[in-house]
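Structure first, commentary second.
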Amino acid sequence: MAGGAFVDAPSGKSYEGGITAFVIFTCVVAAMGGLIFGYDIGISGGVTSMEPFLRKFFPSVYKKMKKAGSGNEYCKFDSQLLTLFTSSLYIAALVASFFASVVTRRFGRKMSMFIGGLVFLFGSILNGAAVNIEMLIIGRLLLGVGVGFGNQAVPVYLSEMAPAKYRGALNIGFQMAVTVGILAANLINYGTARIKGGWGWRLSLGLAAVPAILMTIGSLFLPDTPNSILERGHTEKAKQMLRKIRGTDNVDEEFQDLFDVTEAAKKVDHPWKNIMQPRYRPQLVISVLIPFFQQLTGINVINFYAPVLFKTLGFGANASLMSAVITGTINVLATFVSIFTADKFGRRILFLEGGIQMIICQAAIGSMIGIYFGVNGDGDLSKAQADILLFLICAYVAAFAWSWGPLGWLVPSEICPLEIRSAGQAINVSVNMLFTFVIAQLFLTMLCHMKFGLFFFFAGFVIIMTIFISFFLPETKNVNIEEMIRVWKAHWFWGKYIPDDAVIGKHERSN
């Protein structure tokens, strides 16, 4: 995420030690960070489909929804205020990530996790107790600050604590925690929607406090990373911590490499200026376009608004929530495919297969909705037709979950050399949050105006991004980060931006 340094062992080196109880504990706390992000993504769409919630905070939407046959069915949830409830979090997270990078650098990674969990806790309490729209939006903004701090700190912390050979799996494990959070939110929404008395939405929003409390308390017991301690000038303390987390006293070689890389990173005064140089053009373009394309897959239409979308398509209230649970389950299971295949078969094959599968599914979904609902949204689905539609949506979610979901975060984090890594990660996070906000804010309006054509709109972008991956993303599996420059130099297009001395200099330093 924005800020911090990712340090990898030089090519060919293997250090002593492995995963210890400390490292396992960091994974558990990191999962709390992923859970708060995923829970919030999943919970908002569910509560915005609950009638008591709409009646209290968005009465105009509720009245439009209840007037069967009046107006266009695609537009019955179209409300800028309703979408602001969902999207406000992401603009707050975007801004907070820059402040979080300063806190992470000056005070350590665990401090950012603590602040993120605490602020998220306050936001969940405010949302659960909300009596007006102002309390809801302020609560969402606080949740966004918590997400910004958590998403910035947790992946950096994991990368620095984990042994190099397990780093990739742990990063995808964070994405797994996000999908588990989304599924948990869908299950909770399904249960709370059935509560008599119309207060189930309060429980859905308030239960976000559970992962927030776990993350906040857990961060208090975490050790600082050796990198963070070293950054602040405590050399001996950093070495002691490295011994502790590796479970061995023989850490001299790893510590020396860590010390050298940290000292080199301190000499980079202007990473933002550096990344604009032509020699870093491949990294800059990928760090912008991968998160941009990730949001233009249309996946957050499903993550944010699945219950609303299913309700629009004629599923009943409970059926729409259960359908969201089904897609959430598929999301979790399909992420395992990426965990087990990304390092074996490579990133490109997952990107390309996932893209082709998403294109087919989106075209089929758009065609079905166009045939059975037309431009006015008036129509109905038989049980068999509804099952086919749900299957297509699940196949689309699965394709994203083993391709653009985890790889959209993994690839930008592994392509940047140390001297621009913090700037590259900041760009990656910022672009991701910006377009998450844009899609969340505009989706219901786009559904109203583009109708079933919205799915062809996203399919068109998936075609573009799949072609882009095919021609412009080289394979990065099993390549040490510090040797990644060779991959770019050998590429048919990007090679012209890489000066020969960059590759020669890298080779000389590795010998």
Side-chain angles (χ1 to χ4, degrees), residues 1-4 6 25-44 88-127 139-162 170-182 184-185 205 207-222 224-225 228 291 303 406 409 413 422 425-426 428-430 432-434 436-437:
M1 300 305 170
F6 291 74
F25 184 57
T26 64
C27 292
V28 174
V29 175
M32 295 306 104
L35 284 176
I36 66 172
F37 188 31
Y39 185 87
D40 187 82
I41 289 174
I43 212 69
S44 56
S88 57
L89 180 146
Y90 299 97
I91 203 69
L94 167 63
V95 175
S97 65
F98 291 102
F99 292 97
S101 67
V102 177
V103 173
T104 300
R105 191 164 53 249
R106 293 185 180 178
F107 303 104
R109 287 54 165 149
K110 60 178 288 184
M111 179 58 72
S112 282
M113 282 187 273
F114 174 77
I115 293 173
L118 196 62
V119 176
F120 195 93
L121 175 60
F122 289 147
S124 64
I125 292 172
L126 200 60
N127 272 178
R140 290 289 292 177
L141 291 174
L142 290 176
L143 294 178
V145 172
V147 167
F149 272 81
N151 279 11
Q152 191 278 331
V154 171
V156 173
Y157 188 94
L158 270 178
S159 293
E160 294 177 345
M161 291 294 279
L170 285 173
N171 278 335
I172 295 181
F174 178 77
Q175 173 70 14
M176 171 63 73
V178 174
T179 64
V180 170
I182 294 172
L205 295 177
L207 281 175
V210 175
I213 290 171
L214 293 174
M215 179 179 170
T216 304
I217 295 176
S219 66
L220 294 176
F221 295 95
L222 288 178
D224 257 327
T225 68
S228 178
N303 288 339
W409 290 104
S413 74
S422 62
Q425 284 298 99
N428 179 34
V429 174
S430 301
N432 192 290
M433 288 298 172
L434 175 61
T436 301
F437 167 79

Heavy-atom distance under 4.5 Å between the side chains of Thr436 and Asn432, does that happen here?
-> yes
Counterpart residues, side-chain hydrogen bond (donor to acceptor under 3.5 Å, both in side chains), relative to Ser124 (two or more places apart) | none
Distance-minimising heavy-atom pair for Ser228 and Gly108 | OG-CA, 3.2 Å
State, with a plain yes or no, whether a side-chain heavy atom of Leu94 is found less than 4.5 Å away from one of Phe437.
-> no
For the pair Thr216 (side chain) and Leu118 (backbone), establish whether a donor and an acceptor sit closer than 3.5 Å, ignoring hydrogens and angles.
-> yes
Report yes if some heavy atom in the side chain of Asp40 is under 4.5 Å from a heavy atom in the side chain of Arg140; otherwise report no.
-> yes
Could you grab the distance from atom CZ of Phe114 to atom CZ of Phe149, nearest 0.5 Å is fine?
-> 12.0 Å
Could you grab the distance from atom CD1 of Ile36 to atom CD1 of Ile213, nearest 0.5 Å is fine?
-> 12.0 Å
Under the side chain to side chain contact (heavy atoms under 4.5 Å, CB included) test, which residues partner Leu207, sequence neighbours left out?
-> Tyr39, Ile188, Leu203, Val210
Say you draw a straight line from CG of Leu220 to NZ of Lys110; how long is it, rounded to the nearest 0.5 Å?
-> 7.0 Å
Between Val103 and Ser112 the two heavy atoms that sit nearest each other are CG1-OG, 3.6 Å
In short, Met113 meets Met215 closest at the heavy-atom pair O-CE, 3.4 Å
When rounded to the nearest 0.5 angstrom, what distance separates CG in Asn428 from CE in Met433?
-> 10.0 Å
Heavy-atom pair of closest approach, residues Phe37 and Tyr90 = CE1-CE2, 3.8 Å
Minimal heavy-atom distance between Ala93 and Val147, with the atoms involved, is CB-CG1, 4.3 Å
Please name all residues satisfying side-chain hydrogen bond (donor to acceptor under 3.5 Å, both in side chains) with Thr179, sequence neighbours left out, ordered by chain then number.
-> none
Side chains of Asp224 and Phe107: does their closest heavy-atom pair fall under 4.5 Å?
-> no
Of all heavy-atom pairs linking Val145 and Ala96, the shortest is CA-CB, 3.8 Å
